Amino acid sequence: MQTETGQKLSIRVAGVGGAGVKIAAALCAAGCGGADIAAVDTDEASLRDCPVENAACVGKTATGGMGSGGDPATAKEAAISDLAALKRIASGADVFICVAGLGGGTGSVIAPILAKLAAENGAKLVISFSLMPLSVEGVDKSSLAERSVRYMRKVCDAAAALPNDIILARSALPVKAAFEAANMYAVSAIGEICAMLLNRGVVNIGIPSFKKAFFQKGLPTFFGIGCGKGANAVGDAAAELASSPLLGGGAAGLNAESLMISLVCGEDFEMNKMQSLLETVSQAFGVRERICFGASVDKSMQGRIRVCAMGLAGNPERAPQAPGAASKPPAAPRATAELAGAGKNPPEGEESAASSREEPKPKKSRGFFSFVRPKAKPAPREPGAEQSEFKFVEMSEQRGFFEDTPVNMRKGEDLDVPTFMRRNIKINL
Ligand SMILES: Nc1nc2c(ncn2[C@@H]2O[C@H](COP(=O)(O)OP(=O)(O)OP(=O)(O)O)[C@@H](O)[C@H]2O)c(=O)[nH]1
Ligand SMILES: [Mg+2]
């Protein structure tokens, strides 16, 4: 595919932090044809094991080359000290795709910084894929991850959050294999986006169509996948997609505002079935406009189809992580035509028992990415002293490090303000 100026479209995928670097290595191994892969970390050892040539270890002075140790303030210091290296990675591509596991310091902080730098330095399309931490990893990580993903939504055209909780769904695979299998969701999704944009499909999606589907920044981006085979391939794939746990609770409740459908099918897949698939999927998501569609043929998919849906959710309450929705792990992803051709299909996901987990208690916001270190404990209260109602600081004063982003307003409500504050809900304990 070419840009408006007739130049070949360039795509760079940057893996950031431990998980991101592993995904970059997997993309490299799979051959994400035509896209240029880069890796960024604060941990030298993680990059040493990675075959990606375009790699940058940033912030050695701040971290000693040993990672941020889960500390966003250290990761921010690392980013600031090596801004030129980050700018180099973020510049020079028409499409910039950033992928990271969130919850640690490096991915949560440096991935959004890279996305912002890319948007400011000529990328026409900026997309992010974030793997959200397991809820058992604790509220600190999930709260940092959610702030990071909210920031991504503001700077990226599309910012998808793939919840490890749901993907891994108490998998019985060995830990390394389970993480690798989870990484293949990101590899698969990125591979398909690259295939669509780089003109290797039957029906291709260019940057303008992509932008039409992702017409507004700030809304949650959803991503789901469904597979089908045999006579009822269309019905099965559409049903699996519509109930994909990756969507965090079914297609209908998303109130989707837009939809990008990507189909990979065998050479035998018929036109009328393709039309029926499009109808069924767009009905399931309740979208009639802002739909874009891409399709590619993969010889190894004879009799089978795989359909991915990505779009903007109109329902702001649909969190990127939906604990409890993980009754069943999502359909195992298959790599793109090229990835599959390279024999790099991911391992099959396995069934697991329903897992009901306690939702972590939401943490009080300390402002968006402000990285304020916890204050010393307050002096004990005088016996009998009355406890007054805690007054939250105005949200406009809480935007912290990324305060330069526009306020995320929708239907008169600032979506960065937690619902209970926006709607003045008081919780009686
Ligand atoms: N799916 C998947 N998730 C991972 C993997 N490794 C880590 N994670 C998740 O990603 C989160 C962040 O981990 P890392 O990527 O190692 O953290 P980092 O960005 O390197 O941050 P620091 O090491 O703290 O500087 C973790 O809390 C895990 O939930 C992986 O290989 N696959
Ligand atoms: Mg790390």
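One-based numbering, in listed order, for ligands and for the atoms of each. Worth saying up front: this structure is predicted, and the values here are computed from it rather than measured.
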One residue to check: K141. Relative to ligand 1, which of side chain, backbone, both or neither has a non-hydrogen atom less than 4.0 Å away? side chain
Say whether N164 and ligand 1 are in contact under the criterion: heavy-atom distance to a ligand atom below 4.0 Å. yes
Residue G104 vicinity, atoms of ligand 1 by number, heavy atom under 4.0 Å: 12 (C), 17 (O), 21 (O), 24 (O)
Evaluate V13 against L27 for side-chain contact (heavy atoms from CB on, under 4.5 Å), listing each step before the verdict. CA-CA 9 Å; V13 184; L27 277 163; 3.6 Å; yes
Classify the angle between the aromatic ring planes of F223 and F129 as parallel (below 30°), tilted (30 to 60°) or perpendicular (above 60°). perpendicular
Identified side chain to side chain contact (heavy atoms under 4.5 Å, CB included) partner of M274 from the options L263, V234, V202: L263
Geometric N/O contact A182 with ligand 1, under 3.5 angstrom: no
Suppose I only count heavy atoms of G105 and a 4.0 Å limit; which atoms of ligand 1 are within that range? 21 (O), 22 (P), 24 (O), 25 (O)
Any N/O of T106 closer than 3.5 Å to an N/O of ligand 1? yes
Find all atoms of ligand 1 within a distance of less than 4.0 Å from any non-hydrogen atom belonging to S68, and give their numbers and elements. 22 (P), 24 (O), 25 (O)
Around atom NZ of K211, are there more than 12 heavy atoms of other residues, nucleotides or ligands at under 6.0 Å? yes
Polar atom proximity, V16 to ligand 1 (N or O, under 3.5 Å): no
Atom 26 (C) of ligand 1: which protein heavy atom is closest, and how many Å away? E137 OE1, 3.5 Å
I167: heavy atom below 4.0 Å from ligand 1, yes or no? no
Could you check atom 19 (O) of ligand 1 against the protein and tell me its nearest heavy-atom contact, residue, atom and distance included? G107 N, 2.7 Å
Polar contact flag, side-chain donor to acceptor under 3.5 angstrom, T63-S68: no
Would you say the side chains of S46 and D43 form a donor-acceptor pair under 3.5 Å? no
Minimum heavy-atom distance between A123 and F96, given as atom pair plus value: CB-CB, 4.2 Å
Among protein heavy atoms, which lies nearest atom 18 (P) of ligand 1, and at what distance? G18 N, 3.7 Å
Taking atom 10 (O) of ligand 1 as the reference point, the nearest protein heavy atom with its distance: G101 CA, 3.5 Å
Protein heavy atoms near atom 13 (O) of ligand 1, is at least one of them under 4.0 angstrom away? no
Which residue supplies the protein heavy atom nearest to atom 24 (O) of ligand 1, what is that atom called, and how far is it? G70 N, 2.7 Å
Heavy-atom closest pair, residues S209 and C292: O-SG, 3.9 Å
Scan side-chain atoms only and decide if N121 and R88 contain a donor-acceptor pair under the 3.5 Å cut-off. no
Could you check atom 11 (C) of ligand 1 against the protein and tell me its nearest heavy-atom contact, residue, atom and distance included? L102 O, 3.4 Å
For atom 8 (N) of ligand 1, find the nearest protein heavy atom and state the residue, atom name and distance (0.1 Å precision). A19 CB, 3.8 Å
Just which atoms of ligand 1 are under 4.0 Å from any heavy atom in N183? 1 (N), 2 (C), 30 (C), 31 (O), 32 (N)
Test side-chain contact (heavy atoms from CB on, under 4.5 Å) on V40 and L47; report intermediate values, then the result. CA-CA 8 Å; V40 177; L47 290 169; over 6 Å; no
Ignoring hydrogens, what is the shortest heavy-atom contact between G17 and D41? Give both atom names and the distance. C-OD2, 3.4 Å
